[in-house]
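To keep things clear, I will list the structure first and then write my remarks on it.
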There are 2 protein chains.
Amino acid sequence: MASITFDGTSWEERKIKKPTIHDVAEKAKVTPSTVSRVMNGSSLVKPITRQRVLDAVKSLGYIPSKTARMFKSGKSGILGLVVSAQHISELIFNAGFQAIFKALTEKAHSEGYNILILTSSDPDSESFFNVIKNQVADGFIILSPSNNESLASMLEEAGIPYVFNMKYSNNPEDIYYITSDDLEAGYMAAKYLLDLNHTDIRFIVGSIKGNVISFNHERINGVKKAYGEYGIPFKDDYIVRVPGQMEESYNRIHQLLQTQKPTALMISNEVTTVAALNYFYDYGYRVPQDISVIGFGPSDLYRSLRPNLTSVSFDITHASGKIVDMLLQRIEGIPIKLEPPKKPELIIRDSTARNI
Amino acid sequence: MASITFDGTSWEERKIKKPTIHDVAEKAKVTPSTVSRVMNGSSLVKPITRQRVLDAVKSLGYIPSKTARMFKSGKSGILGLVVSAQHISELIFNAGFQAIFKALTEKAHSEGYNILILTSSDPDSESFFNVIKNQVADGFIILSPSNNESLASMLEEAGIPYVFNMKYSNNPEDIYYITSDDLEAGYMAAKYLLDLNHTDIRFIVGSIKGNVISFNHERINGVKKAYGEYGIPFKDDYIVRVPGQMEESYNRIHQLLQTQKPTALMISNEVTTVAALNYFYDYGYRVPQDISVIGFGPSDLYRSLRPNLTSVSFDITHASGKIVDMLLQRIEGIPIKLEPPKKPELIIRDSTARNI
DNA sequence: CTGTTAGCGCATTCAC
DNA sequence: GTGAATGCGCTAACAG
């Protein structure tokens, strides 16, 4: 099959074969080293030579191979963000994840890194590790909803830098995580409701396969602490486990309110919060006149809901910045200094009222 | 500074230095070639040897270098997703982008690729190109809200595979994009409203710096087509430009409804739709009794709103799948066959009623 | 200021 | 079935 040729090479070759540093060197009548110097802005190149190289670069359309550079330098400039497949599949509704994702991405970009999205279909440590180990990234941020304690040691063993978004391990040597002060969050919300004379409340917490998501344990402890301080007995069935999806949440709320009449709800999960508000709309409950609601999560989201939601919110931008900072420090081998998490904030809006 | 040694190397060295194929070869008393064969599942290795290699791999904790493999093979298994910085910063509210992102990521993962998030702070072609050219990826998906015609030729010139999410260029040779049938979408929505006896409508379209976002032109044409068929004059001030952010949208809707009394709204943008619904809630408008609303965008989102929104929805999963398919075909050099876009769907729910 | 040399880790020839 | 040799594209150390 004949093909039109150009400069002695076929069109296809020209099209496919990207010029290398070698081609540029040849064209500019210098050696690859010099080209490399020019490309990297070394000052020790004679202006004339530099210009010759630059011209060659331009006429050839030379772009340095990123893979070769990575290979040589041992750094990729990439941070892997590892999430469960479920996280991604619920992205549309999961404002909490969106907020983290946004903050992480913006911070990484500002530090000159890019984010590579990795998912593990199964939420167990093995799957996460298998996904991670075959990926190119200078380090990994792991967002896992379940307790993957063994993953930390596998990564440690393999010498792979990582940071978790929560504390999984009780081993005091495991310090590579950023947490939020969930005990305080639960405490603040419950105390506020108790101050408003609500005692018959429900704390709706996300669960995976019936297991309460780890940070919720802390939030529950915070709630109990508040009840303790007020000398009011806390009943175990104040805790309601709900799977995090929209439909299931809606149905579970429905079922709950058919049989019980709490005066206030604390909802630990954004999706369930939206589902609950929708349920109240559909069934004519007035918030806060008939029932008070406190959400946990991004303030921006809750301000865009109707009614404007009273919420306990964390500074996601701050926490995500810390995650990236810590990971970069690990990558660079700088010793880590643990900082206590920033306190959450109680933002009082229109979804809570005094219980008469 | 003394340090505990182990096998003659310091702990730090062991910790830092990852074993290479060479180390494994030495330990297993074979050559790197054999290790490579084992790692790549070649069948021509004697079981005994294979086992020896596997043991060495395990005891050393050897993980093949991904960068070296990329470098050698020339493929990264990464697809770059290039978006404007604004896209990311509005991620929390921008359900349309979330839907695309989710679909793209899931499809890429199912094809064995990962998504690398790239952002360009400026929305012009130069910035996009600069971001792209220095990144490792086998190809790029470009989600840009503005018309970046020259970007296509720059990428073409550089031999970088790409796919756009919309048609930017009028050059018939530029075929690397996936579009949606926006004319049909505008037409369907307007026709439905006209059938419900609404003629005094407003079509709220997103704009960037006063310029209507490109696909909206098609939607507007569709609306005009419907008016034409019904022989009803279409007034230019039926088109209302609104910046896509939550606050601005809310204020603009407020301003609009203070002075005018349309019977129906078509809203081309998810964020503005939520803002409008919030405005109606706050000011006591009943939807659809006082005003009808049609949204454009992900059906899932609109079903989770109250009232349930009538909407024109595209099959994002399908379109995103096509984007990835097309990009992979380009990467592999398979000739592209253009397909017409799937028709959008009019989903009638509770936000539209007959105008009396 | 510029050229020469060497090697990053791996996979793919080609011998044996 | 296994080993030896080679080179992907680039940069850094060392000469000159």
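Chain naming here is simple, since letters A, B, ... match the order of the sequence lines and numbering starts at 1 in each.
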- Task: Only pairs at least two apart or in different chains count here, so list each salt bridge (charged side-chain N to carboxylate O under 4.0 Å, His left out) that has a residue in residues 98-123 of chain B.
- Result: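 For residues 98-123 of chain B, and leaving out neighbouring residues, the salt bridge (charged side-chain N to carboxylate O under 4.0 Å, His left out) pairs sorted by first residue read B:Lys102-B:Glu106, B:Lys107-B:Glu111, B:Lys107-B:Asp325.
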Kindly check if the number of other-residue, nucleotide or ligand heavy atoms within 6.0 Å of [atom1] ([X]) is above 12?
X	atom1	answer
A:Lys75	NZ	yes
B:Glu126	CD	no
B:Glu26	CD	no

- Taking ring pair (Phe, Tyr, Trp, His ring centres under 6.0 Å) as the test, write out the residues that go with A:Phe129, two or more places apart.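 By the ring pair (Phe, Tyr, Trp, His ring centres under 6.0 Å) rule, A:Phe129 matches no residue at all.
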- B:Thr34 vs D:dG3: side-chain N/O to OP1/OP2 distance below 4.0 Å: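 B:Thr34 to D:dG3 OP1/OP2: side-chain N or O found under 4.0 Å.
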- Message: Nearest to the side chain of B:Thr20, heavy atoms from C-beta on, is which of C:dG9, D:dT11, D:dG3?
- Response: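 Given the options C:dG9, D:dT11, D:dG3, the side chain of B:Thr20 is closest to C:dG9.
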Measure all distances between protein nitrogen or oxygen atoms and nitrogen or oxygen atoms of nucleotides 13-16 of chain C, and list the pairs falling under 3.5 Å.
residue	atom	partner	partner atom	Å
C:dT13	O4	B:Arg37	NH2	3.4

Is there a donor-acceptor contact under 3.5 Å linking the side chains of [X] and [Y]?
X	Y	result
A:Ser127	A:Asn130	no
A:Gln98	A:Asn94	no
B:Ser120	B:Ser84	no
B:Tyr176	B:Glu156	no

Gap between atoms [atom1] and [atom2], on [X] and [N] respectively (whole Å):
X	N	atom1	atom2	value
A:Glu26	D:dG9	CD	P	14 Å
B:Ile63	C:dC10	CD1	C1'	16 Å
A:Asn40	D:dA12	CG	P	7 Å
A:Asp23	D:dG9	CG	C1'	11 Å
B:His22	D:dT6	NE2	C1'	14 Å

- Task: Residues of residues 44-53 of chain A with any non-hydrogen atom less than 4.0 angstrom from an atom of DNA chain C: list those, numerically ordered, please.
- Result: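 Close to the strand are A:Leu44, A:Val45, A:Lys46, A:Thr49.
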- Sorted by number, the residues of residues 64-76 of chain A with heavy-atom contact under 4.0 Å to DNA chain C: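 Result for residues 64-76 of chain A: A:Phe71, A:Lys72, sorted by number.
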- Query: About how many Å separate CD1 of B:Ile117 and CD1 of A:Ile78, when rounded to the nearest 0.5 Å?
  - Reply: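 Answer rounded to 0.5 Å: 11.5 Å.
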- Query: Which is true for A:Thr31 with a 4.0 Å heavy-atom rule: it touches a base, it touches only sugar-phosphate, or it touches nothing?
  - Reply: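 Base contact.
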Within the 4.5 Å heavy-atom criterion, are [X] and [Y] side-chain neighbours or not?
X	Y	answer
A:Pro161	A:Leu327	yes
B:Phe101	B:Val83	no
B:Ile334	B:Ile336	no

- Message: Quick check: on DNA chain D, is the nucleotide nearest A:Val35 upstream (toward 5') of the one nearest B:Pro32, or the reverse? Name the residue that is more 5'.
- Response: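 Nearer the 5' end of the strand: B:Pro32.
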- Can the ring centres of B:Phe164 and B:Tyr177 be said to be less than 6.0 Å apart?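 No, ring centres 6.0 Å or more apart.
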- If an axis is fit to five pairs at each end of the helix from C:dC1-D:dG16 to C:dC16-D:dG1, what is the angle between the two, to the nearest 10°?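 Angle reported: 40°, given to the nearest ten degrees.
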